[in-house]
2 protein chains.
Amino acid sequence: MDKTGLKIINATMNLIMEKGYPLTTTKEIANRAGVNESTVFRKFGSKKDIVLNAMELREWNPDLAADDFKVYSLDLKKDLLKFSHTYLNKVTPKFVKVSLGLRCPELYEYTKDGIMQVPMVFKKGLTDYFCEMYKRGKINSSDHESLAVMFLSLNFGFVFFKASFDDMLTSLLKETYIQNSVNIFVNGIKK
Amino acid sequence: MDKTGLKIINATMNLIMEKGYPLTTTKEIANRAGVNESTVFRKFGSKKDIVLNAMELREWNPDLAADDFKVYSLDLKKDLLKFSHTYLNKVTPKFVKVSLGLRCPELYEYTKDGIMQVPMVFKKGLTDYFCEMYKRGKINSSDHESLAVMFLSLNFGFVFFKASFDDMLTSLLKETYIQNSVNIFVNGIKK
DNA sequence: TTATAATGCAAGTATATACTTGCATAAATG
DNA sequence: CATTTATGCAAGTATATACTTGCATTATAA
């Protein structure tokens with residue numbers, strides 16, 4: 001991607017975070033990118049295509065992969081700490097804001113899968129992990145689905161609140177939260 | 001509120017859940033409400049005012065109050081079960097969808113406080129509760145802020161995912177999730 | 001240097017949308 | 001019944017927005 005294109009993509013995604021896709025105008029995109037509006041259309045063809053091109057880029061994609069949860073030590077606390085760090089390093093407030101800003105019918109069919117895949121991948125990784133740990137007699141609960149959704153919620157909730165209210169709801173640091181929440185969760189399920 | 005007004009409010013809020021405020025047109029509101037578009041404006045004056053009027057109504061407001069968390073039994077599990085039920089009965093997927101649909105600058109100044117107050121009230125109630133339980137030696141952890149944000153995330157995450165992906169992410173029933181998550185959480189913090 | 005491609009600029013098109021208004025009719029109210 | 005009020009209907013206004021186009025200018029590359 002060339003320089004001008006990247007400036008346009010950046011401007012677009014930042015505006016989407018601020019006001020959502022429908023209220024983001026191509027005029028304002030051009031202004032913020034420091035280019036002429038006609039350039040925007042000559043490069044991308046349409047407003048929608050700016051976003052679709054952006055989503056391909058690493059910067060605007062959490063890129064959470066199944067492999068992220070396939071390597072573990074069988075030490076419950078150590079593993080969950082690692083999973084939590086991975087999740088919260090990749091699923092940033094920025095990504096959450098963009099995802100929320102993209103919620104509109106025009107884009108839904110293109111973005112929905114990519115967006116839903118993030119919690120899906122995390123949940124799947126966790127479910128498999130809990131299943132394995134249960135077999136090895138390291139945890140009590142047998143409802144791995146509940147455990148996975150719980151751990152997912154614990155992590156997602158934190159990013160979501162930061163994305164939505166910055167530090168106004170809680171000023172807890174990410175690292176503090178990770179340590180405390182993993183400690184309590186592990187304490188709650190370990191044998 | 002008269003019958004026509006309610007039909008308009010209902011149509012508006014349902015459309016906002018489906019496509020968000022900016023993409024909800026007064027024309028479509030009128031169609032869905034079965035009234036003429038001019039009636040919409042004669043009754044409410046502007047599109048924005050339909051929403052502001054709706055937010056006053058009980059139906060479109062979770063109405064989560066501080067008092068909801070001031071009565072408890074000092075039995076950790078019993079209390080947290082009650083708090084979770086209260087939260088998830090009031091903060092419905094419907095409310096979450098509307099809140100997400102209202103995210104736009106034009107409405108932000110009017111809706112932000114009301115929306116943020118929901119997690120705020122819950123967090124405050126929980127923090128106070130954990131503080132009390134810690135004093136009485138019934139829980140271990142002393143970081144009540146972390147505990148509150150954790151329990152909030154556990155509950156909010158569940159509604160959010162249901163609101164966003166219906167049963168596609170998880171088909172867990174609300175009641176099952178409440179029981180399991182409270183069990184594990186209590187297990188993790190009790191003395 | 002010369003040819004090609006990328007951009008700026010200005011004007012314009014087509015469409016959608018919030019909102020208005022005047023008049024006729026229906027509904028409610030006294 | 002008579003009067004007021006709410007609504008339907010149709011036409012219209014003002015504005016915004018995605019997108020286009022022709023031409024001049026600048027940057028790039030051969």
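Throughout, a chain's letter reflects where its sequence line sits, starting with A, and its residues are numbered from 1. These numbers were taken from a predicted model, which means no experiment stands behind them.
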**Prompt:** Contact class for A/G5 vs. all strands (heavy atom < 4.0 Å): base, sugar-phosphate, or nothing?
**Reply:** nothing
**Message:** salt bridge (charged side-chain N to carboxylate O under 4.0 Å, His left out), that's the test. Do B/E145 and B/K123 meet it? Break it down for me.
**Reply:** CA-CA 8 Å; B/E145 176 80 7; B/K123 200 198 84 172; 2.9 Å; yes
**Fill in**
Assert: residue with more 5' nearest nucleotide on DNA chain D, out of A/L23 and A/N36, is A/L23
**Asked** Under 3.5 Å, is there a donor-acceptor pair linking the side chains of A/R103 and B/S164?
**Response** yes
**Request:** Specify the separation, in whole Å, of atom CD of A/E28 and atom P of D/dT17.
**Result:** 9 Å
**Prompt:** How many Å lie between NZ on B/K27 and C1' on D/dG8, as a whole number?
**Reply:** 16 Å
**Asked** Given atom NZ of A/K48 and atom C1' of D/dT17, what is their separation to the nearest angstrom?
**Response** 16 Å
**Request:** Taking only the side-chain nitrogens and oxygens of A/K47, find out if one of them lies under 4.0 Å from OP1 or OP2 of D/dA18.
**Result:** yes
**Asked** Picking from D/dC19, D/dG8, C/dG8, which would you name as closest to the side chain of B/R42?
**Response** D/dG8
**Prompt:** Quick one: A/L6 CG to C/dA6 C1', roughly how many Å, whole number?
**Reply:** 16 Å
**Asked** Has A/K3 got a side-chain N or O lying under 4.0 Å from the OP1 or OP2 atom of C/dA6?
**Response** no
**Message:** Could you check whether B/K162 pairs with B/D166 (Lys NZ or Arg NE/NH1/NH2 to Asp/Glu carboxylate O, under 4.0 Å)?
**Reply:** no
**Prompt:** Using a cut-off of 4.0 Å on non-hydrogen atoms, how would the nucleic acid contact of B/V40 be classed: base, sugar-phosphate, or nothing?
**Reply:** nothing
**Message:** Just N and O in the side chain of A/T26: are any of them under 4.0 Å from OP1 or OP2 of D/dA18?
**Reply:** yes
**Prompt:** Given D/dG8, is OP1 or OP2 found less than 4.0 Å from the side-chain N or O atoms of B/S38?
**Reply:** no
**Prompt:** How many Å lie between CG on A/N31 and P on D/dA16, as a whole number?
**Reply:** 14 Å
**Asked** Any side-chain N or O of A/K43 under 4.0 Å from OP1/OP2 of C/dT7?
**Response** yes
**Side-chain ion pair, B/E28 and B/K19, N-O less than 4.0 Å** = yes
**Message:** Without decimals, in angstroms, what is the distance between A/E106 CD and C/dT15 C1'?
**Reply:** 14 Å
**Message:** Rounded to whole Å, how long is the line connecting atom CG of A/D2 with atom C1' of C/dT7?
**Reply:** 11 Å
**Message:** Rounding to an integer number of Å, can you tell me how far A/E37 CD sits from C/dA11 C1'?
**Reply:** 13 Å
**Item:** Residue-phosphate contact under 4.0 Å: A/T4 side-chain N/O, C/dT7 OP1/OP2
**Value:** yes
**Request:** Report yes if a side-chain nitrogen or oxygen of A/T39 is closer than 4.0 Å to either non-bridging phosphate oxygen (OP1 or OP2) of C/dG8; otherwise report no.
**Result:** yes
**Request:** Ignoring the backbone of A/F41, work out which of C/dA18, D/dT17, D/dC19 is nearest its side chain.
**Result:** D/dC19
**Message:** I'd like to know if B/R32 pairs up with B/E18 as an ion pair, taking the criterion as any Lys NZ or Arg NE/NH1/NH2 lying under 4.0 Å from an Asp or Glu carboxylate oxygen.
**Reply:** yes
